[in-house]
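So the structure is just underneath, and the comments pick up after that.
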Amino acid sequence: PARRRRAHGGGRAARGADRRVRGELHPRGRPQRPRYLEVQPSRDPARVAAAAEPFGGQVVPLVADLAAPDAAARLVADADQALGGLSVLVANAAIQQSLDVLALAPDALVAAARHEFAVNLDAPLALVAHALPILRRTVETGGTAAIVTVTSGLALVPKRSAPVYCASKAALRSLTIALRDQLAVGAPAIRVHEAILPLADTPMTAGRGRRKLSPAHAAQAIADGVAAGRPELRIGAVKLLTLLLRISPTTAARLLRDS
């Protein structure tokens, strides 16, 4: 089988889960050279290098600010050069801000929202756009390729305190579905997966919520779902949420509104 090469777009919000995903995907191939790319919206090279260290040279760390307009193009080009191609793109970067539209000055609110959309929606779209030619090259030479976006149960039901985060994840979910439909016609060998996570125990959620999904469980579920070829990966409590939305949408909205 062709060597698997993976690019991970992960940020502070999902760092715990992202490390675990790399650990779960790592033993599923037989790499002859470094095959992972760790992408974090961070300007701290030491932090990014520390995230790569446990994988013994199998992760190539790059430092980037995914809110920058040219970051995605540069990262994908660097990944292609460092790894000799790509097989899997995991768009896992996200930030979440508590934004009170009544308390913030208009300019501050708009600036915060634009930054959050830049990381949560614009960056995944840009990563996909620049990675697609490389993924197509991979399948044309006999390999397999996949795109994985990581969304949230809040894409299905928003919460009061993070309106822009919820909107950005809902938009990313819609983008993923449309992207899957387009590639099913134009490039069917490239699989598109959406991993819908519940509240997970990551640095972004520190001090918030209870009964959080462990990064290990989230990573195992994502890796298993991608390996099984399932388009939509409803992980943990998201399975219950989707059932509740069918039975009583108002109850689901009430439960998540102040989560």
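Here, residue 1 is the first one in the sequence, and each next residue gets the next number.
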Do [X] and [Y] have side chains that approach each other closer than 4.5 Å (heavy atoms only, starting at C-beta)?
{"X": "Asn120", "Y": "Leu172", "result": "no"}
{"X": "Leu75", "Y": "Leu66", "result": "yes"}
{"X": "Val88", "Y": "Val226", "result": "no"}
{"X": "Leu241", "Y": "Leu256", "result": "yes"}
{"X": "Val148", "Y": "Leu89", "result": "no"}
{"X": "Arg180", "Y": "Glu194", "result": "yes"}

Residues two or more places apart in sequence or in another chain: which of them pass side chain to side chain contact (heavy atoms under 4.5 Å, CB included) with [X]?
{"X": "Val139", "value": "Ala145, Ala189, Ile190"}
{"X": "Ala178", "value": "none"}
{"X": "Ala118", "value": "Ala67, Asp122"}
{"X": "Asp70", "value": "Ala68"}

Residues clustered with Val185, ILVMFWY side-chain links under 4.5 angstrom: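 For Val185, no cluster forms, as it stays isolated from other hydrophobic side chains.
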
Hydrophobic cluster partners of Leu240 (side-chain heavy atoms under 4.5 Å):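 Leu240 shares its hydrophobic cluster with no other residue.
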
Joint hydrophobic cluster, [X] plus [Y], side-chain heavy atoms closer than 4.5 Å:
{"X": "Leu127", "Y": "Leu83", "value": "yes"}
{"X": "Val110", "Y": "Leu102", "value": "no"}
{"X": "Ile177", "Y": "Ile147", "value": "no"}

Mind checking side-chain hydrogen bond (donor to acceptor under 3.5 Å, both in side chains) for Glu140 and listing every partner two or more places apart, or none if nothing turns up?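 Partners of Glu140 by the side-chain hydrogen bond (donor to acceptor under 3.5 Å, both in side chains) criterion come out as none, since no residue qualifies.
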
Pairing residues for Asp80 by the salt bridge (charged side-chain N to carboxylate O under 4.0 Å, His left out) criterion, not counting sequence neighbours: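 Partners of Asp80 by the salt bridge (charged side-chain N to carboxylate O under 4.0 Å, His left out) criterion, ordered by chain and then number, come out as Arg137.
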
With sequence neighbours excluded, residues passing salt bridge (charged side-chain N to carboxylate O under 4.0 Å, His left out) with Arg160: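 Here the qualifying residues are Asp258.
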
Please check if the number of heavy atoms outside Asp107 that lie under 6.0 Å from its CG is greater than 12.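 Counting other residues, nucleotides and ligands, CG of Asp107 stays at 12 neighbours or fewer.
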
Return yes when atom CZ of Arg114 has more than 12 non-hydrogen atoms of other residues, nucleotides or ligands closer than 6.0 Å, and no otherwise.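 Atom CZ in Arg114 is not packed in, count stays at 12 or less.
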
Roughly how far apart are [X] [atom1] and [Y] [atom2], rounded to 0.5 Å?
{"X": "Leu121", "Y": "Ser168", "atom1": "CG", "atom2": "OG", "result": "7.0 Å"}
{"X": "Ser98", "Y": "Tyr165", "atom1": "OG", "atom2": "OH", "result": "12.0 Å"}
{"X": "Leu179", "Y": "Leu125", "atom1": "CG", "atom2": "CG", "result": "9.0 Å"}
{"X": "Ile196", "Y": "Ile235", "atom1": "CD1", "atom2": "CD1", "result": "8.5 Å"}

Can you name the nearest heavy-atom pair linking [X] to [Y], along with the distance?
{"X": "Ala123", "Y": "Ala72", "value": "O-CB, 4.4 Å"}
{"X": "Arg136", "Y": "Ala187", "value": "NE-CB, 4.3 Å"}
{"X": "Ala91", "Y": "Pro124", "value": "CB-CB, 4.0 Å"}
{"X": "Ala79", "Y": "Leu86", "value": "CB-CD2, 4.0 Å"}

Is the backbone N or O of Ile134 less than 3.5 Å from a side-chain atom of Thr138, with the two atoms forming a donor-acceptor pair by type?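 Judged by distance alone, yes, a pair lies under 3.5 Å.
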
With sequence neighbours excluded, give me every side-chain hydrogen bond (donor to acceptor under 3.5 Å, both in side chains) pair touching residues 228-239.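 Non-adjacent pairs meeting side-chain hydrogen bond (donor to acceptor under 3.5 Å, both in side chains): Arg173-Glu232, Glu232-Arg234.
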
Donor-acceptor contacts under 3.5 Å from residues 243-251 side chains, at least two apart:
from, atom 1, to, atom 2, distance (Å)
Ser248, OG, Thr251, N, 3.4
Ser248, OG, Thr251, OG1, 2.6

Applying the side-chain hydrogen bond (donor to acceptor under 3.5 Å, both in side chains) criterion to Thr176, which one of Thr151, Asp181, Thr149 satisfies it?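 Of the listed residues Thr151, Asp181, Thr149, the side-chain hydrogen bond (donor to acceptor under 3.5 Å, both in side chains) partner of Thr176 is Thr149.
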
Given Gln96, which partner from the list Glu116, Lys159, Lys169 fulfils the side-chain hydrogen bond (donor to acceptor under 3.5 Å, both in side chains) test?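 Going through the options one by one, the only one that passes is Lys159.
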
Does the side chain to side chain contact (heavy atoms under 4.5 Å, CB included) test come out yes or no for Val238 and Leu197, once each step is laid out? CA-CA 7 Å; Val238 170; Leu197 293 182; 5.8 Å; no

